[in-house]
Amino acid sequence: MGGPLAGYRIIELAGIGPGPFCGMMLSDMGAEVIRVDRISPNSAASKDVLARNRRSIGVDLKRSEGVETVLRLVETADGLFEGFRPGVTERLGLGPEDCFARNPKLIYGRMTGWGQEGPMAQAAGHDINYIGLAGALHAIGRAGEKPVPPLNLVGDFGGGGMYLAFGMVCGLLEAQKSGQGQVVDAAMVDGAASLMAMFFSMAAGGAFKDQRGTNLLDTGAHFYDTYETKDGGHICVGSIEPQFYALLVEKSGVDPERFGRQMDAGLWPDYKAELAAVFRQKSRDEWCEIMEGTDVCFAPVLSIFEAPGHPHNQARETFVQVDGVTQPAPAPRFSRTEPTIAGSARPPGADTAAVLADCGFTADEVAALQSVGAVSAG
């Protein structure tokens, strides 16, 4: 692969959610990410988009030979990341100090919900809990209604896997200068809080109220919301700036004098009710004909089944098909070192022998490890 991270080798101790997303991001950018899976009788390939672009080895980490196998891989790697609870890899013999003893320049990434320390560090949790504690979940939802979880985008992927990938790359860059490795402690509660930075600024300036659904960007404003159309579809508008708002008023056909007080929050509910009635008079496609591509700041609300077929997404190849599975293309894009998808998810352990050979294991050593069940037969 020829992406901007080509030449880097990263070990991924396989987990779920944000860890695999980090692995996908790094491997999409060209890094050689070796996924260490459990030895499993299930050798079938999956359609897991998060597991694309990397080879898999099966290792029994409960066996000393399996642990030693991973430590030998660490000797050849630039980074390793794991997504277990704090202390688990230390008990396995694969904690930071164990790995630094083999490779002092290693960047050791740790993905957790609550972080490596603190009173909740050992508690179980999921995305919804981390964003709840970070102040993000409370702000998402409509006025007078309960908070709405935004899928698991803010905690697992935005605040978790993406921050871990960013931290890994930062660590790799710093290690080039210092020659020293370090630990990257990526906690989803920290990442979700970081994503809220702008709203903390707004709150400090008195421009953000604690009541959800009453603010500029949380469906409080009539010019920043979704609306149902005649055919049961939905459209979204984000006409914040005055010139864009004026165009919204023009294109929707409402009375410009009546809608002239854009930032009068006291009028927002009435404005919204009137706009809702207007948008229900035409189908989604009809509103697209009127508004799409203009400076209204408009888009149809597309499902994941519709989005790949939109002309803009098709022109940019925002979505691709790999082995029959439609999925997002690598992002961001680079003008010279173009990211690519080398392949879809590999069966767990399918590449064990080949990966170990590439990392310096002899055929006899691989056979010996397989004979005692330390690694899979792939």
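Bear in mind that the values here come from a model prediction, so they are computed numbers and not experimental data. Atoms considered below: every heavy atom in the structure, side chains included; atoms not considered: hydrogens, waters and symmetry mates.
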Closest heavy-atom pair, Ile131 versus Ala192, reported as atoms and distance to 0.1 Å, is CG2-CB, 4.0 Å

So do Phe259 and Glu274 actually touch side chain to side chain, heavy atoms under 4.5 Å?
yes

Between His312 and Arg316, is any pair of side-chain heavy atoms under 4.5 Å apart?
yes

Take a 6.0 Å sphere around CZ of Arg102 and say whether it holds more than 12 heavy atoms from other residues, nucleotides or ligands.
yes

So, Arg63 side chain and Val372 main chain: donor-acceptor pair closer than 3.5 Å or not?
yes

Polar side-chain atom of Glu82 near backbone of Glu12 as donor-acceptor pair, under 3.5 Å
no

Criterion side-chain contact (heavy atoms from CB on, under 4.5 Å) against Tyr224, the qualifying member of Asn215, Leu217, Leu216
Leu217

Might you work through the side chain to side chain contact (heavy atoms under 4.5 Å, CB included) test for Leu80 and Ile10, ending with a clear yes or no?
CA-CA 5 Å; Leu80 174 148; Ile10 310 292; 5.9 Å; no

Check: Ala342 main-chain N/O paired with Thr340 side-chain donor or acceptor under 3.5 Å
no

Does the ring centre of Phe81 sit less than 6.0 Å away from the ring centre of Tyr108?
no

Are Arg35 and Asp37 ion-paired here, with the side-chain N under 4.0 Å from a carboxylate O?
yes

Test item: Ser56 side-chain N/O and Gly349 main-chain N/O as donor-acceptor pair under 3.5 Å
yes

Is the shortest side-chain N to carboxylate O distance from Asp351 to Arg346 below 4.0 Å?
yes

Please say whether more than 12 non-hydrogen atoms of neighbouring residues, nucleotides or ligands are located less than 6.0 Å from CZ in Arg258.
yes

Is the shortest side-chain heavy-atom distance between Arg85 and Thr112 below 4.5 Å?
no

Please check if atom CD in Glu257 has more than 12 non-hydrogen atoms from other residues, nucleotides or ligands closer than 6.0 Å.
no

Can you establish whether the number of heavy atoms outside Gln243 located under 6.0 Å from its atom CD is more than 12?
yes

Do we get Arg280 above Tyr227's six-membered ring, with its NZ or CZ under 6.0 Å from the centre and within 45° of the axis?
no

Do Thr229 side-chain atoms and Gly233 backbone N/O form a donor-acceptor pair below 3.5 Å?
yes

Side chain to side chain contact (heavy atoms under 4.5 Å, CB included) for Asn129 and His126? Distances and angles first, verdict last.
CA-CA 5 Å; Asn129 311 120; His126 276 297; 3.9 Å; yes

Salt-bridge present (Arg333, Glu338; N to O < 4.0 Å):
no

More than 12 heavy atoms of other residues, nucleotides or ligands under 6.0 Å from CD of Glu289: is that the case?
no

Atom CG of residue position Leu173 - does it have more than 12 heavy atoms of other residues, nucleotides or ligands inside 6.0 Å?
yes

Is Glu90 salt-bridged to Arg110, going by a charged N under 4.0 Å from an acidic O?
yes

Side chain to side chain donor-acceptor pair (under 3.5 Å) for Ser283 and Asp231? Distances and angles first, verdict last.
CA-CA 5 Å; Ser283 70; Asp231 56 349; 4.6 Å; no

Tell me, with the steps shown, if Phe84 and Leu94 meet side chain to side chain contact (heavy atoms under 4.5 Å, CB included).
CA-CA 11 Å; Phe84 303 118; Leu94 291 171; over 6 Å; no

What do you reckon, is CZ of Phe166 surrounded by more than 12 foreign heavy atoms closer than 6.0 Å?
no

Please report the interatomic distance CG(Asp358) to CD(Glu32), rounded to the nearest 0.5 Å.
7.0 Å

What's the shortest heavy-atom distance between Thr352 and Ile57, and which atoms?
OG1-CA, 3.4 Å

With side chain to side chain donor-acceptor pair (under 3.5 Å) as the test, would you mind laying out the steps for Asp364 and Thr362 before giving the verdict?
CA-CA 5 Å; Asp364 288 343; Thr362 68; 5.3 Å; no

Test side chain to side chain contact (heavy atoms under 4.5 Å, CB included) applied to Trp114 and Leu133, step by step:
CA-CA 10 Å; Trp114 306 115; Leu133 199 70; 3.4 Å; yes

For the pair Arg52 and Asp28, find out whether any cationic side-chain nitrogen is under 4.0 Å from an anionic carboxylate oxygen.
yes

Would you call the rings of Tyr245 and His222 parallel, tilted or perpendicular, where under 30° means parallel and over 60° means perpendicular?
perpendicular

What heavy-atom pair brings Leu248 and Met291 nearest, and what distance separates the two atoms?
CD1-CE, 4.1 Å

Would you find a donor on one side and an acceptor on the other, under 3.5 Å apart, between the side chain of Gln262 and the backbone of Ile240?
yes

Lys/Arg-Asp/Glu bridge criterion (N-O < 4.0 Å) met for Glu306, Arg284
yes

Minimum heavy-atom distance between Val74 and Asn103, given as atom pair plus value
O-ND2, 3.0 Å

